[in-house]
Amino acid sequence: MTASVVRALAAVARDAAHLATPGGPCQACGARGARDGETLADRPDGTVVRHGSAVAKAHAPGTDPVAHRTRLAVAAHPALAGILLSPLPHPPDGPAQARPVSAWPYGAPVDPADPDAAPWEDAAVLLARLHHIEPTGLTGLPGPLPPMRGPVKAAAAMARLEAAAADHPAAPDVRRAWACLPAWARGEEPPPAHGPGRRGALCHGDLHLGQLVRHPTPDGPWLLIDVDDLGLGDPAWDLARPAAWFAAGLLPPEIWQRFLGAYTAADGPAVTCADDPWPQLDVPAKALTVQTAALALAKSAAQGRQPDEVEGAVLEACTRIGTQSPELEFETPS
């Protein structure tokens, strides 16, 4: 990230904040200690800068412009009100060259220092509502709904592993687990006509607790954010990260049951049986396990350290996946 990108994004966020409250006071302008140009995130797939009540995001280089505009239009569609945070209008001459820019209301994120207050049930209900949206009813979009990018992101994580930590002693286990996945879960071919992965629900594509904010702040309802991976796909993918954490021993069983119970109580379509969700969740959960393990190795190698305890648990789960007998598939984690 360069200082010029931060300045440009701060200007977009400022313009968006002022457009959202025309004639009203902007508490971020000129106030002592105001959060003008505060960088909230800086990753290869997105840089986010805040100005008061608005944030501006520079999306990943190489983002497909038609798919990007379509995803923003979905977030702004009335059918998604109360599910997805809606984007803000901003002047069209963006500053980030090859990186599309969007503007959003600032929302209060999940507090990482208070894990007991994590909104697992709220996330589950939002997912169930998202998965029930009828894609054919989303009229007026600038392009066709793109595929959900979950499998593509998993493949990108494997590419990052090969670039950064191909010789790590744990890399072969991650590769073996990756090879156990069907081609559709590796992003190598379209989902099959029948069986897991075939359904065309509207999916978030990258669900985790960092994708929830309260808006209006500080205590408005929880909403899903970050539509970069949103699209049509198997809704089970949106449950896959908590399922993978549960299977790896990183998410307590009671929290997993709260999340899954809230999703099924809201009639979420991703699983057909709350008592045995693994026929639908097995492949996506394994794919998210491999993705997380690949990124863990790449990040630890870049930082010149060994994987930490949490990363080690995910790597151990990869070892189990790579050595699992076919007849053990869909077995509920113990």
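Any value given below was found using the heavy atoms of this structure, including those in side chains, with hydrogens, waters and symmetry copies removed. Just so we're clear, the structure is a prediction, and the values are computed from it rather than from any experiment. Note that the numbering runs from 1 along the sequence shown for the chain.
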Is it possible for you to say whether [X] and [Y] belong to one hydrophobic cluster, with membership spreading through side-chain heavy-atom contacts below 4.5 Å?
X	Y	value
I83	L145	yes
L207	W104	yes
L281	V125	no
L138	V66	no
V55	I225	yes

For the [atom1] atom of [X] and the [atom2] atom of [Y], what is their distance to the nearest 0.5 Å?
X	Y	atom1	atom2	answer
L297	M158	CG	CE	9.0 Å
R71	S102	CZ	OG	12.5 Å
E316	R320	CD	CZ	6.5 Å
R129	L84	CZ	CG	9.5 Å
E254	L251	CD	CG	8.5 Å
K286	T289	NZ	OG1	9.5 Å

Using side-chain heavy atoms (C-beta onward) and a distance below 4.5 Å, is [X] in contact with [Y]?
X	Y	result
L209	P112	no
P87	P105	no
W184	P190	no
D173	L315	no
L80	L224	no
L232	P135	yes
Y106	L40	yes
P172	R176	yes

Please say whether more than 12 non-hydrogen atoms of neighbouring residues, nucleotides or ligands are located less than 6.0 Å from CD in E309. no
Which heavy atom in [X] sits nearest to a heavy atom in [Y], and how many Å separate them?
X	Y	value
H168	Q306	NE2-OE1, 4.0 Å
T217	A108	CG2-N, 3.3 Å
L181	A287	CD1-CA, 3.7 Å
P252	L250	CD-O, 4.0 Å
A301	A164	CB-O, 3.7 Å
A73	P142	CB-CD, 3.5 Å

Would you check, one step at a time, whether the test side chain to side chain contact (heavy atoms under 4.5 Å, CB included) holds for L295 with R160?
-> CA-CA 7 Å; L295 292 177; R160 187 171 169 184; 3.7 Å; yes
Mind running salt bridge (charged side-chain N to carboxylate O under 4.0 Å, His left out) on R175 and E162 for me, showing each step along the way? CA-CA 10 Å; R175 292 190 192 100; E162 298 299 347; 2.7 Å; yes
- May I have the step-by-step check of side chain to side chain contact (heavy atoms under 4.5 Å, CB included) for H204 and L230, ending in yes or no? CA-CA 4 Å; H204 182 274; L230 179 140; 5.5 Å; no
Under 3.5 Å, is there a donor-acceptor pair between the side chain of [X] and the main chain of [Y]?
X	Y	result
D308	E311	yes
R99	H59	yes
R214	P221	no
R186	E188	no

| request: Before giving the answer on salt bridge (charged side-chain N to carboxylate O under 4.0 Å, His left out), spell out for R241 and D206 the whole-Å C-alpha distance, their side-chain angles and the decisive distance to 0.1 Å. | output: CA-CA 8 Å; R241 184 174 270 108; D206 188 30; 3.3 Å; yes
*Evaluate the criterion side chain to side chain contact (heavy atoms under 4.5 Å, CB included) for residue pair L85 and V227; output intermediate values, then yes/no.*
CA-CA 9 Å; L85 186 68; V227 295; over 6 Å; no
*Describe, in one word, how the ring planes of W245 and W120 are oriented to each other, choosing from parallel (under 30°), tilted (30 to 60°) and perpendicular (over 60°).*
perpendicular
Next item on the list: Starting from the C-alpha separation in whole Å, work towards a yes-or-no answer on side chain to side chain contact (heavy atoms under 4.5 Å, CB included) for R69 and L72.
Entry: CA-CA 5 Å; R69 289 193 296 270; L72 292 183; 5.7 Å; no
I want to know whether H131 and Y263 have ring centres closer than 6.0 Å.
yes
**Study point:** From CA spacing to verdict: salt bridge (charged side-chain N to carboxylate O under 4.0 Å, His left out), D229, K153
**Key:** CA-CA 9 Å; D229 305 304; K153 290 196 72 169; 3.3 Å; yes
